[in-house]
Amino acid sequence: MNVRHLLEVNDLTPPELIKVLDLSEQVEPPQVLAGKGMALIFEKPSARTRNSMEMAIVQLGGHPLSVRGDEVGIDVRESAEDVAMTLSCFHAAIGARVFEHAKLERIAAVATVPVINMLSDFSHPLQALADLLTLRQHFGELKGRKLAYIGDANNVSRSLMLAGVMTGMDIRLSSPKGYDSPEADVVLAKTLAQEAGLRGAVTITTDPFEAVDGVDAVVTDVWTSMGQEEEAIQRRKAFQGYQVDEKLMSAAALGAVFLHCLPAHRGEEVSAEVVDGPRSLVWAQAENRMHSARGLLSFLLAGGQS
């Protein structure tokens with residue numbers, strides 16, 4: 001049996017990615033989970049992910065079952081492989097929000113149902129889908145749009161970079177040295193852009209004003225993610241000058257919008273004037289976590305035929 005998983009956004013092809021976005025906007029979503037359950041594993045705390053995934057499952061007719069990491073005990077109570085096989089007995093799909101991406105890969109290797117990455121230290125495809133959906137709703141077309149990501153090159157920026165070029169966007173990333181995107185990720189993004197044939201481009205710079213110049217959207221994330229708390233002081237020093245404030249936003253195109261996956265630390269990676277201002281789409285973006293999750297599940301569970 002051929003089971004589709006989504007551990008990173010490029011597990012989809014560019015046409016499939018667009019199909020997922022289309023399904024995310026269906027007024028009457030297909031009841032692909034009617035009478036079925038989906039297991040949601042949370043090793044990391046969650047607000048938007050748990051709420052959006054649970055509601056998406058309900059809207060597809062299913063029953064969500066969320067469990068904490070210590071309740072499942074991956075590689076403590078039992079192996080990742082045994083957890084995957086057990087949950088596959090009961091559920092139509094498995095979602096996992098974990099620290100180590102390798103756990104997801106091990107779960108997916110043996111699961112007999114679709115496995116979805118709800119966040120790992122490597123990637124965050126669900127967030128990227130919500131970001132693209134938000135931008136498409138606002139601008140109408142993604143191809144040819146320019147987006148700048150400012151700050152820590154992390155799992156969020158990686159998935160957004162890949163998803164962006166797959167839809168023909170120009171992606172610019174600006175981070176201080178030592179916190180920038182790995183060369184392998186940049187090479188992959190450029191390869192995906194070429195394969196998509198949509199002329200999407202990737203630019204890496206340490207200058208946030210160069211990155212933001214004339215872009216349609218500015219995106220950032222916290223400077224210190226979960227698991228990096230001991231680095232907080234060091235990171236605040238390293239990221240001085242990378243705050244998305246009104247001065248930086250003024251370098252973007254007229255009508256540019258601001259995105260943030262949340263939670264936001266006002267006064268650090270973004271000013272209150274920007275995140276709470278008229279150009280901010282963060283609440284539409286947060287809501288779209290639910291819609292894009294529903295679109296992805298519709299696609300995976302219906303074999304892409306919905």
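What you are looking at is a predicted structure, and each value in this text was computed from that prediction instead of being measured. Residue numbers start at 1 and run along the sequence shown.
Under a 3.5 Å cut-off, the side chain of E54 and the backbone N or O of P64 do not form any donor-acceptor pair. Between the E71 side chain and the R68 main chain, a donor and an acceptor come within less than 3.5 Å of each other. Proximity of a side-chain donor or acceptor of D213 to a complementary backbone N or O of F209 within less than 3.5 Å is not detected. The main-chain N or O of R172 is never found under 3.5 Å from a side-chain atom of T203 such that the two would form a donor-acceptor pair. In this structure, N155 contributes its side chain and S120 its backbone to a donor-acceptor pair below 3.5 Å. Counting only distance, with no hydrogens or angles, the side chain of R235 and the backbone of W223 share a donor-acceptor pair below 3.5 Å. Checking side-chain atoms of D185 against main-chain N and O of S181 turns up no donor-acceptor pair under 3.5 Å. With hydrogens and angles ignored, the 3.5 Å screen pairs no side-chain donor or acceptor of E78 with any backbone N or O of V76. The closest donor-acceptor contact from the side chain of R4 to the backbone of D11 lies under 3.5 Å. A donor-acceptor pair under 3.5 Å links the side-chain atoms of Q243 to the main chain of G267, judged by distance alone.
Note that NE2 of H91 is 8.0 Å distant from NE2 of H63, once rounded to the nearest 0.5 Å. Rounded to the nearest 0.5 Å, atoms CG (L259) and OG (S280) are 7.5 Å apart. Separating the CG atom in L173 from the OG1 atom in T206 is a distance of 12.5 Å, to the nearest 0.5 Å. Here OG of S157 is found 10.5 Å from CD1 of I171. Values are rounded to the nearest 0.5 Å. Between atom CD1 of residue I107 and atom CD1 of residue I94 there is a gap of 7.0 Å, rounded to the nearest 0.5 Å. Atom-to-atom distance recorded for M169:CE and K143:NZ is 13.5 Å, nearest 0.5 angstrom.
Counting only heavy atoms from C-beta outward, the side chains of I41 and V83 approach each other to under 4.5 Å. Under the 4.5 Å side-chain criterion, counting only non-hydrogen atoms from C-beta, F299 is in contact with K19. In this structure, the side chains of R50 and M118 stay at 4.5 Å or more apart for every pair of heavy atoms. The shortest distance between side-chain heavy atoms of V257 and L135 falls below 4.5 Å. Side-chain atoms of R289 and C261, non-hydrogen and from C-beta on, never get closer than 4.5 Å to each other. Under the 4.5 Å side-chain criterion, counting only non-hydrogen atoms from C-beta, D276 is in contact with R266. Here the side chains of I116 and M38 are in contact, with some heavy-atom distance below 4.5 Å. Inter-residue side-chain proximity for E25 and H291 is flagged as unmet; no heavy-atom pair is nearer than 4.5 Å.
A salt bridge is defined here as a Lys NZ or Arg NE, NH1 or NH2 lying under 4.0 Å from an Asp or Glu carboxylate O, and R158 with E8 meets this definition. Here K247 does not pair with E273 in a salt bridge; the nearest charged N to carboxylate O distance is not below 4.0 Å. Contact check on R136 versus D22 returns a salt bridge, with a Lys/Arg side-chain nitrogen under 4.0 Å from an Asp/Glu carboxylate oxygen.
S298 and Q26 share no side-chain donor-acceptor pair at under 3.5 Å. For the residue pair T49 / R97, a side-chain donor-acceptor distance below 3.5 Å is found, with atom types taken as modelled.
The two residues R294 and S24 have their closest heavy-atom pair at NH2-O, 2.9 Å. A pairwise comparison of heavy atoms in L12 and M166 identifies O-CE, 3.2 Å as the closest pair. Residues T205 and E210 come closest through the heavy atom pair OG1-OE1, 2.9 Å. Scanning all heavy atoms of the two residues, the minimum distance from L132 to A163 falls at CD1-CB, 3.6 Å. Across every non-hydrogen atom of A211 and I150, the tightest pair is CB-CD1, 4.0 Å. Between P30 and L60 the shortest heavy-atom distance is O-CD2, 3.1 Å.
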Practice task
Before giving the answer on side chain to side chain contact (heavy atoms under 4.5 Å, CB included), spell out for I18 and T167 the whole-Å C-alpha distance, their side-chain angles and the decisive distance to 0.1 Å.
Solution key: CA-CA 8 Å; I18 297 301; T167 56; 4.0 Å; yes
Exercise for the section: Kindly indicate, with the supporting measurements, whether the criterion side chain to side chain contact (heavy atoms under 4.5 Å, CB included) is fulfilled by Q194 and V165. Expected result: CA-CA 9 Å; Q194 293 175 349; V165 298; over 6 Å; no
Practice task
Apply side chain to side chain contact (heavy atoms under 4.5 Å, CB included) to Q285 and D131, showing your working.
Solution key: CA-CA 6 Å; Q285 181 186 7; D131 295 352; 2.7 Å; yes
Practice task
Take V156 and V219, measure what side chain to side chain contact (heavy atoms under 4.5 Å, CB included) needs, and give me the verdict at the end.
Solution key: CA-CA 10 Å; V156 171; V219 186; 5.6 Å; no
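Note: the hydrophobic cluster containing F239 also contains L262 (ILVMFWY, side chain heavy atoms under 4.5 Å, direct or indirect links). Linking Ile, Leu, Val, Met, Phe, Trp and Tyr whenever their side-chain heavy atoms come within less than 4.5 Å leaves M53 and M290 in two separate clusters. V110 and V115 fall into different hydrophobic clusters, where Ile, Leu, Val, Met, Phe, Trp and Tyr residues are linked whenever their side-chain heavy atoms come under 4.5 Å apart, directly or through other members. With hydrophobic clusters built from ILVMFWY side chains whose heavy atoms lie under 4.5 angstrom apart, I74 does not share a cluster with M85. By the criterion of side-chain heavy atoms lying less than 4.5 angstrom apart, applied directly or through intervening Ile, Leu, Val, Met, Phe, Trp or Tyr residues, V274 is not grouped with L254; the two fall into different hydrophobic clusters.
The only option from K44, E43, H101, Q127 that meets the side-chain contact (heavy atoms from CB on, under 4.5 Å) definition with L119 turns out to be K44.
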